[in-house]
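Structure first, commentary second.
Only a predicted model underlies this, so the values are computations on that prediction, with no experimental measurement involved. Numbers here simply count residues along the sequence, with the first being 1. Scope of the values below: all heavy atoms of this structure, side chains included, with no hydrogens, waters or symmetry mates.
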Amino acid sequence: MACQSVSIINMDEQALLGLNPNADACYRQKAMVYFEQLKESQDAWEVCAEALAKGIYSDDHVKFFCFQVLEHQIKYRHGGLSPAQQQLIRETLMKWLQGQLMNSQPEKPFIRNKAAQVFALTFVMEYLTHWPKFFHDLLSLVGLNPHGVDVYLRTLMAIDAEVVDRDILHSPEEVRRNTLIKDGMREQVIPSLVESWYQILGAYQQSHPEITCQCLEVVGAYVSWIDLNLIANDRFVNLLLSQMSVEDLREEACDCLYEIVCKGMAPTDKTKLVESLCQVLQSAGFFNVDQEEDVDFLAKFSRLVNGMGQSLVLSWTKLAKGGAVKEAAEALRALETKVPLLLQLLVHDDDDISANIVGFCYDYLNVLKQFPLLTDQQKTHVEDIMLAVMKKLTYDEEYNFDNEGEDEAMFVEYRKQLKMLLDRLAQVSPDLLLEAVGRVFNNTIQRWQTASFMEVEVAIRLLYMLGEALPASHGAHFSGDTAKTSALQDMMRTLVSSGLSGYQHTSVSLEFFETVVRYDKFFLVEPQHIPIVLMSFLDHRGLRHSSPKVRSRVAYLFSRFVKTLHKHMNSFIEDILSRIQDLLELAPPENGFPALLTSDDQLFIFETAGVLIVHGESPAERKQALMRSLLTPLTDAFRLLLAKLASEREEERQAALADCLSHAVGFASRTSKAFSNKQTVKQCGCTEVYRDCLQTFLPALSCPVQRGSLRSAVRSFLHRMIICLEEEVLPFVPAASEHMLKDCEARDLQEFIPLISQITAKFKDQVSPFLQQVFMPLVLAIFEVLCRPAEDNDQAAALEKQMLRRSYFTFIQTITSSGMNEVLANQGVENVERVLFTIIQGAVDFPDPIAQKTCFIILSKLVELWGGKDGMAGFPDFIYKHIVPACFLAPLKPSFDLTDAQTVLTLSECALTLKMIHLRRGPEFIQYLQQEYLPSLQVSPEITQEVCQVLQQPDAKVLKNYMKVRSQLVVALETSPLCRLCLETSSNI
């Protein structure tokens, strides 16, 4: 034997001490090093094999260690082992297993699991070649010995994980191998395996229930890919059904039956199988759900019923589509008879049991949806399902609204499943649903003062859910179908006039406001209710509720409510603004009192105030006065806080002040969202108000501390003002830009460039002088940041530079595409060349297809602008020396991956650049390619001619497709020594 040449003394006993979890760190490190040595050695692993075969070590950690070493050899080095070494592994495993049969106590579960993994790996490697009798040898050895059977079953589950489990990713080669293994097993061993399972299930039902459960798990795992007739027969199914009555086995038996039921088979056969199972289960009393107290078993049973129900739905669907009328009718009858059981499980107090049957319920409703008319029985089923769903939507008394944990999160998810059922019920019978919800809603609201919060909340919730369940275009629930609109209108009228907005529970408060906003168009039909609802938003029921959660949500909902109904609020505007004034105050950091609303919530209140002012019917002078009274407290506080920040030395305090300043700018910015094309800042007379804000905020750009947050806030405000103030903002731009370009980081520049691009695209010629002045300082600042050294493994810095580079190229693209080429042209020859070379470098050298695409768009535009006879002096020479090589060299880079969609777009822009050169330079360009450039790269005359012919085709797609698929050109260029030299040196442009 191979291991005879290696003595057991080769095992490093000191290193083995480190395998104990409680060992010192130095011993554990030594054990790790030793493990690596054994793994990498050609034959040292054999000492581990000998230790396992002879049972030399009693320490569990050493045994596990030996199996790990063996596992590594089989998994990664099996192909390099000699036949004798492979035989040694087989003998080791069988000797170890033989030892288990003689032991009075089994190994620890973690060792048995590892042993099973090693058995499974050996099987996968050798079953098709060296060990076709793997299962025969195993079964012959273990017989019905419980220790051996345990390892056998664990091995089967490990084989399932290696060969069958679809959740594990496999290479195409492994998939082919696994298919061959399954085919071989089906032909040679599956019947004997099934027989062994039957024997095990019968033998150990009483004495070793844990082994029986293991065996049931194996059957459930294998049934998906073996011949179902081996399992779905009277002998085997009766055995499984008998185990449904054994308390220790019935959960696993349920799972096993579920896998059998879900196995693909002919629809008629599936119907018969399910019906026969149901008859036995029903006669055994399993359908009497209310008499069963074991909720864990009922959850499994519910899953089994769900599988049977969905299987019947699938059978009916296939038979109905296939025109098998009689068989389809039988499947439907079988399906209908399961609905009473479905309802028992759906309405069960335990949500897990109920959730497990939702799939069957949903599919059954989908079947009913396909019938033009429902039978009386089906209508009864639909009504019963509606009542069950309504009941199950109700919160439990134990639900913790103040500290929602895992149980609460699970109920929220369960509610989403129930909502899907409600939506499907609406599709089956919208009238029945509307009537049922109306009945529950009206009964509850009439007695809301004495009803529990759960009843009141679910009644409002059902009304809310109707909004999605019953379709309406753009939320127009109160026009069209009279029956529907009348019912919804009645319920909404009842809701807002009942007084239940004052119900003292957060869930009811939230549901009330959510529903009011969901049906905000009701108030267009009955605007007389707006004042009542407005008061509920503004007082202790809404924005001043005792719960922060309610206040926060109501702030957002109030904003939505006002946006929809502002036209009906003209007479209340100043009263509303007065009532929310304290909510608009900027909370200074030294206040110490918790504010009613967070700064995020205040954003919605400021936007709401802006909408009320802007869209009111007051004259422009009054709007200006109201807007000034809204924003002046912000600007006054901003000046004071900025002065404090400049003198503050404590960093934590600086950060708090900077946050407060940023909030002030954000609030002012949010009010500007109220303006539109129909109601501009100028028309509302608010230009001066926002100019004053801008004047107040800009000094923050020169603040020496907390620059990042302050610059970000002011920059966002500038973005808004470019839209709102238009040319009125231009006088502020030069000074703002100067401050933002001082001492900036990559992120600062990356965020500043979109601002300049926005100004460029919007104002074009108006900002040309400013852009010509700021262009090179901006470009130089970008170059300086890009050239800063960074650690090789600093991915964050590398990403920031990549994003900045993209922003830079996008900025150049904005200038060229806005017809402002003079901005670039007037920078001086040296600077223009420097910028142009960065664009060439971006097109060729950086493995970033998004940036490359932008660079080719810029080059194409520059060729269009300057590439003609009246273009910039010297530019034609630049085209031939740099742009043309870039178009041919970029696709040759190893990083140019044509399986990537962005790279394909880059190639298209590259082709368009070549087309533009041909358009502007004409025959001269073709002559240059034929006589100079392509011959210099040693491209054959035939391919050169082909390239030139394609370039001259009028349709640009011809060239795009040619460059994508014409491999000869790529090969010709790649093999050119000159081309390789160009590629190697292009990064030094």
Side-chain angles (χ1 to χ4, degrees), residues 74-75 78 86-87 89-98 100-101 112-113 115-166 168 170 173-204 211-237 239-240 256 259-260 263-265:
I74 299 164
K75 200 168 188 176
H78 186 270
Q86 291 176 354
Q87 178 64 22
I89 289 174
R90 292 193 288 274
E91 289 177 2
T92 298
L93 293 176
M94 296 306 283
K95 284 181 179 177
W96 176 85
L97 182 56
Q98 194 168 19
Q100 301 311 299
L101 308 183
R112 283 178 276 161
N113 285 334
Q117 286 177 350
V118 176
F119 268 102
L121 281 172
T122 308
F123 165 81
V124 167
M125 295 294 181
E126 302 199 344
Y127 177 67
L128 297 172
T129 52
H130 306 304
W131 204 356
K133 291 190 173 182
F134 175 87
F135 289 110
H136 176 268
D137 293 350
L138 239 63
L139 288 168
S140 299
L141 180 62
V142 303
L144 286 176
N145 180 288
H147 296 170
V149 168
D150 176 90
V151 174
Y152 162 64
L153 294 172
R154 288 175 194 268
T155 299
L156 285 171
M157 289 306 296
I159 288 171
D160 177 76
E162 287 290 333
V163 176
V164 183
D165 194 335
R166 291 188 180 124
I168 298 173
H170 292 291
E173 185 180 338
E174 288 172 338
V175 170
R176 284 192 296 274
R177 178 203 67 195
N178 292 347
T179 302
L180 290 172
I181 288 174
K182 286 190 288 186
D183 289 344
M185 287 178 67
R186 287 190 193 101
E187 289 175 17
Q188 298 160 18
V189 299
I190 288 298
S192 59
L193 293 186
V194 172
E195 183 57 33
S196 74
W197 303 336
Y198 183 80
Q199 297 299 330
I200 292 166
L201 290 173
Y204 292 115
I211 289 181
T212 311
C213 286
Q214 268 183 272
C215 191
L216 288 167
E217 187 182 0
V218 168
V219 176
Y222 278 69
V223 79
S224 66
W225 60 276
I226 66 174
D227 181 2
L228 188 61
N229 292 320
L230 294 169
I231 304 290
N233 51 56
D234 290 344
R235 185 178 78 131
F236 215 109
V237 170
L239 178 61
L240 293 173
C256 188
E259 296 297 338
I260 293 170
K263 164 84 171 177
M265 59 193 299

**Reported CG-to-CD distance for the pair Leu141 and Gln100, which is rounded to 0.5 angstrom** = 10.5 Å

**Heavy-atom check, side chain of Val142 versus side chain of Asp150, under 4.5 Å** = no

**Message:** Going by side chain to side chain contact (heavy atoms under 4.5 Å, CB included), name the residues that satisfy it together with Ile211, two or more places apart in sequence or in a different chain.
**Reply:** Pro146, Val149, Leu153, Ile200, Tyr204, His208, Gln214

**Request:** Go through the steps to decide whether Val118 and Ile89 satisfy the test side-chain contact (heavy atoms from CB on, under 4.5 Å), and finish with yes or no.
**Result:** CA-CA 10 Å; Val118 176; Ile89 289 174; 5.7 Å; no

**Message:** Within the 4.5 Å heavy-atom criterion, are Asn178 and Val164 side-chain neighbours or not?
**Reply:** no

**Complete:** Separation between CG (Leu128) and CD1 (Ile181), nearest 0.5 Å, reads 5.0 Å

**Message:** Once you measure the plane-to-plane angle for Trp131 and Phe134, does it fall in the parallel (<30°), tilted (30-60°) or perpendicular (>60°) bin?
**Reply:** perpendicular

**Asked** Counting distance only, does the side-chain N/O of Asn233 pair as donor-acceptor with the main-chain N or O of Leu230 below 3.5 Å?
**Response** yes

**Message:** For a 4.5 angstrom cut-off between non-hydrogen side-chain atoms, does Val151 reach Leu138?
**Reply:** no

**Message:** Strictly distance-based, threshold 3.5 Å: is any side-chain N or O of Glu162 a donor or acceptor partner for the main-chain N or O of Leu121?
**Reply:** no

**Message:** Could you tell me if the side chain of Val189 sits less than 4.5 Å from the side chain of Tyr127, heavy atoms only?
**Reply:** yes

**Message:** Using only atom types and a distance under 3.5 Å, with no angle test, would you say the side chain of Arg112 pairs donor to acceptor with the backbone of His147?
**Reply:** no

**Request:** Flag yes if more than 12 heavy atoms outside His170 fall under 6.0 Å of its NE2 atom; otherwise flag no.
**Result:** yes

**Message:** With a 3.5 Å distance limit and no angle check, can you tell me whether Tyr222 reaches the backbone of Leu193 through a side-chain donor-acceptor pair?
**Reply:** no

**Side-chain touch Asp227/Ile190, heavy atoms, less than 4.5 angstrom** = no

**Request:** Find out whether Leu93 and Leu97 are in side-chain contact, i.e. whether some heavy atom of one side chain is under 4.5 Å from a heavy atom of the other.
**Result:** no

**Item:** CA sep, side-chain torsions, deciding dist, call: Leu216, Leu240, side-chain contact (heavy atoms from CB on, under 4.5 Å)
**Value:** CA-CA 9 Å; Leu216 288 167; Leu240 293 173; 3.2 Å; yes

**Item:** Any donor-acceptor pair under 3.5 Å from Ser140 side chain to Asp137 backbone
**Value:** no

**Request:** Give the C-alpha distance, both sets of side-chain angles, the deciding distance and a yes or no for side-chain contact (heavy atoms from CB on, under 4.5 Å) between Leu228 and Val223.
**Result:** CA-CA 6 Å; Leu228 188 61; Val223 79; 3.5 Å; yes

**Asked** When rounded to the nearest 0.5 angstrom, what distance separates OH in Tyr152 from CG in Asn145?
**Response** 14.0 Å

**Complete:** Gln199 meets the side chain to side chain contact (heavy atoms under 4.5 Å, CB included) criterion, sequence neighbours left out, with Glu195

**Prompt:** Under the salt bridge (charged side-chain N to carboxylate O under 4.0 Å, His left out) rule, what pairs show up with a residue in residues 116-131, not counting sequence neighbours?
**Reply:** Arg90-Glu126

**Message:** Walk me through whether Phe236 and Ile260 qualify under side-chain contact (heavy atoms from CB on, under 4.5 Å).
**Reply:** CA-CA 11 Å; Phe236 215 109; Ile260 293 170; 5.8 Å; no

**Message:** Check for me whether the distance between the ring centres of Phe135 and Phe123 falls short of 6.0 Å.
**Reply:** yes

**Message:** Rounded at 0.5 Å granularity, tell me how far CD1 in Ile159 sits from NZ in Lys182.
**Reply:** 13.5 Å

